[in-house]
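A short write-up of the structure that comes next.
In what follows, every chain begins at residue 1, and chains take the letters A, B, ... in the order their sequences are listed. Since the model is a prediction, treat every value here as computed from it, not as a measurement.
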There are 2 protein chains.
Amino acid sequence: MRLKELASHLGLSQTTVSRALNGYPEVNEETRQRVLDAARRYDYRPNASARRLATGRSGAIGIVLPTDRNLLLDPHYVEFQAGLGERLMKDEIDIVLSPSRAGDEMATYRRMAVSSRVDAVILSSPTVGDPRVALLTELGLPFVVHGRADSPIDHAWLDIDNEGAFRHATKHLLDLGHRRIGLINGETRQTFAIDRERGFRNALAAHGVAADERLIAEGIMTDETGYRLTARFLAEAPRPTALLVSSMMMSLGALRAIRSAGLVLGRDVSMIAHDDVIPFLNPDAMVPTMSTTRSSIRAAGTRVAELLMEIVADGRAPDSIHELWPVDLVIRGSTGPAPRD
Amino acid sequence: MRLKELASHLGLSQTTVSRALNGYPEVNEETRQRVLDAARRYDYRPNASARRLATGRSGAIGIVLPTDRNLLLDPHYVEFQAGLGERLMKDEIDIVLSPSRAGDEMATYRRMAVSSRVDAVILSSPTVGDPRVALLTELGLPFVVHGRADSPIDHAWLDIDNEGAFRHATKHLLDLGHRRIGLINGETRQTFAIDRERGFRNALAAHGVAADERLIAEGIMTDETGYRLTARFLAEAPRPTALLVSSMMMSLGALRAIRSAGLVLGRDVSMIAHDDVIPFLNPDAMVPTMSTTRSSIRAAGTRVAELLMEIVADGRAPDSIHELWPVDLVIRGSTGPAPRD
DNA sequence: GAAATCATTCAAAGCGCTTTCAATCGACCT
DNA sequence: AGGTCGATTGAAAGCGCTTTGAATGATTTC
């Protein structure tokens, strides 16, 4: 069923039918009802390409998907995407995934922009001075960064307070008497990891405790990295009595390492992990339950979608968008007072 | 830069330029070169919507994304998507994700088809007699099922040999002397889980061993389910000496339960888990290393993309597409001879 | 009662491509 | 020489929608 047919069925012009369907005010209410009824009856759906061509808007937002970076291997990513989708669904906006090899990423963004395939894009996993910010700004393709790119160019971003989260968590451990605290971080190419390390160091400094560089390490956020780094830390003498871990996935490995060393989590070693609220990594289901810094990555996805819509549909100025979300510190069974020796 | 401008820059008609760019044979080679050079120089990119409108093809394939089913929470899904993307990238085909609430799924497929947003779709996690197969067939929207829908309607599918995989794995355990073997399966709504259970039972039957229904259980494939079901099995008397587990994620929980019971994996209890080759769940990195039935879900994604292209671009008949992939049985440290009691 | 205003509706002009159908120009054939 | 054919190019007609500018009656206004 095409607009033309629908119009002739109704004995109306395409113009009127189109307006009725799109909610323009100048059409008679009675006419609009007739049109709406007919559209439903014939299951009419406007052709997406035609509409896009006519309006110049694509009705889609883009994500460039590096096929070989770890973004993809990452459950966080899926969860974020789910949040995104939840919001976008309401306005029937599609997500266009454009896979791209690591080197071609910039070209892919360019392609998306020039071929007007999407109205806006999302930047995930920003690095320091991320070149994508400059590119997109130059291309005039609206975007929201999930995280912060720390770029000289002002841009729209939504981030969680990583510094504050890890500062509070560290402070909590210090208050429990811990002095040797290890940090198992994500890769410090990414801004969130830098911020967390800063929070960690700030808390130590504020307490007059010197940071031990041998107890600060980073890596991709996998179970395996968690295991390896924790095992390394525990081999130090004296060993750390508490651990700050950047993801629940890593905390799984960390826990394995702690057990392998014959130690008990929450007694010999305390741990606080960052929890992005991923359904299959539930801190309450762990044994012992895991103390966390918590912020739902899914909710962030929803909000980023919302912001994107505000920019594209309502013309909101991107540089007015800077949201920093607070992070909860949830104390559970994996933290306890520092053991005395 | 628009086609029109480009053409006038070159002193050619749009027709010729369009043909040159799209590789039609009737244009002079010299002319084609000039056009290609100019296109590169001006960084010309055809407008995606216009092209789609003109050709009637959307240059995208669709995935309906149930926002509240567990498909999403699932790393398998991401990995599959990565494989898909890898292949689609080559032809600059987009993936359109259409989020949808569980109830609306069918409507979303319908919308995708009628608005010709995509040229084809992918069906994941098929259930027995999956209604989507009938719907898509009726709508005339090409699709490939990842898995098998076990529907009366013939359709394109790619699946791994789940029955064979679990049959072989079970046989291997039987050959090692195990007689009490537990099965921790994915939800038996899904065809893959049914096939695995069948393989398991077939192997037992072939060996003349009666299946113990108390040692067969299912659930969503999470760490938590793995823990819970394993703990339950180990409480039986006599307890199972071996376990077949449907995912690496579950095997993590299973391992925890085994340890909690004071047992040693690979000695007191053997385990074989299904490995979809997810980068952050590496069976070689586990302690002990995990015996698995292995088939790369990413490779499956790549191949599904390939098949989709064959249907859409080359007009291959969907009902000629039935691929059943064999599954490797990889024996590592988590399996050993049955303990004698 | 004529002019002006308002509420509705429509015809037609794009949006930027692809593709059909014709036109042109030498080369080739009889 | 007149006609045919193959190679190359172009003009114009869509693809299905939105939107501009105009038209039509009906309703007010002076």
Discussion item. Counting the atoms with a prime plus P, OP1 and OP2 as sugar-phosphate, which does A/Thr31 contact under 4.0 Å by heavy atoms, base, sugar-phosphate, or nothing?
Written reply: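 Touches sugar-phosphate only.
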Practice prompt. Under 4.0 Å between any heavy atoms, over every strand shown, what does A/Arg19 touch: base, sugar-phosphate, or nothing? Just pick one.
Written response: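 Base, at least one base heavy atom under 4.0 Å.
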Practice prompt. Would you please test B/Asp37 and B/Arg40 for salt bridge (charged side-chain N to carboxylate O under 4.0 Å, His left out) and show each step?
Written response: CA-CA 5 Å; B/Asp37 287 351; B/Arg40 195 168 4 257; 3.7 Å; yes
Whole angstrom value for the distance that separates [atom2] of [N] from [atom1] of [X]:
X       : N      : atom1 : atom2 : answer
B/Arg45 : C/dC17 : CZ    : P     : 12 Å
B/Leu3  : C/dC15 : CG    : P     : 13 Å
A/Leu21 : C/dT9  : CG    : P     : 14 Å
B/Glu29 : D/dT9  : CD    : P     : 11 Å
A/Gln14 : D/dG16 : CD    : C1'   : 8 Å
A/Glu26 : D/dA22 : CD    : P     : 16 Å
B/Lys4  : D/dG10 : NZ    : P     : 15 Å
B/Asn22 : C/dG16 : CG    : P     : 17 Å

Discussion item. Both B/Val27 and B/Thr55 contact DNA chain D. Taking the nearest nucleotide for each, which residue is further toward the 5' end?
Written reply: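 With B/Val27 and B/Thr55 compared, the 5'-side residue is B/Val27.
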Are any of [X]'s side-chain N or O atoms less than 4.0 Å away from OP1 or OP2 of [N]?
X       : N      : answer
B/Asn28 : D/dT8  : yes
B/Tyr24 : C/dT18 : no
A/Tyr44 : D/dG16 : no
A/Asn47 : D/dC15 : no
A/Thr16 : C/dT9  : no

Discussion item. Taking atom types as they are modelled, would you say the side chain of A/Thr15 forms a donor-acceptor pair with the base of D/dT19 within the 3.5 Å cutoff?
Written reply: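 It does, because a donor-acceptor pair links the side chain of A/Thr15 to the base of D/dT19 below 3.5 Å.
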Closest listed nucleotide, where the reference is the side chain of [X] and the choices are [options]:
X       : options                : answer
A/Ser18 : C/dC17, D/dT18, D/dG10 : D/dT18
A/Leu53 : C/dC15, C/dC17, D/dT9  : C/dC15
A/Ser13 : D/dG16, D/dA11, C/dC10 : C/dC10

Worksheet entry | Pairwise side-chain contact, B/Ser18 with B/Leu3, heavy-atom cut-off 4.5 Å (strictly under) |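 In contact.
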Worksheet item: Should B/Leu36 and B/Leu21 count as side-chain neighbours, where that means a heavy-atom distance under 4.5 Å?
Response: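 Result yes, sub-4.5 Å side-chain heavy-atom pair found.
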Discussion item. So, taking the atom named CZ in A/Arg32 and the one named OG1 in A/Thr16, what distance separates them when rounded to the nearest 0.5 Å?
Written reply: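 Rounded to the nearest 0.5 Å, the CZ-OG1 separation comes out at 11.0 Å.
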Discussion item. Measuring from atom CZ of B/Arg132 to atom OG1 of B/Thr108, what distance do you get when rounded to the nearest 0.5 angstrom?
Written reply: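 Spacing of CZ (B/Arg132) from OG1 (B/Thr108) equals 11.5 Å.
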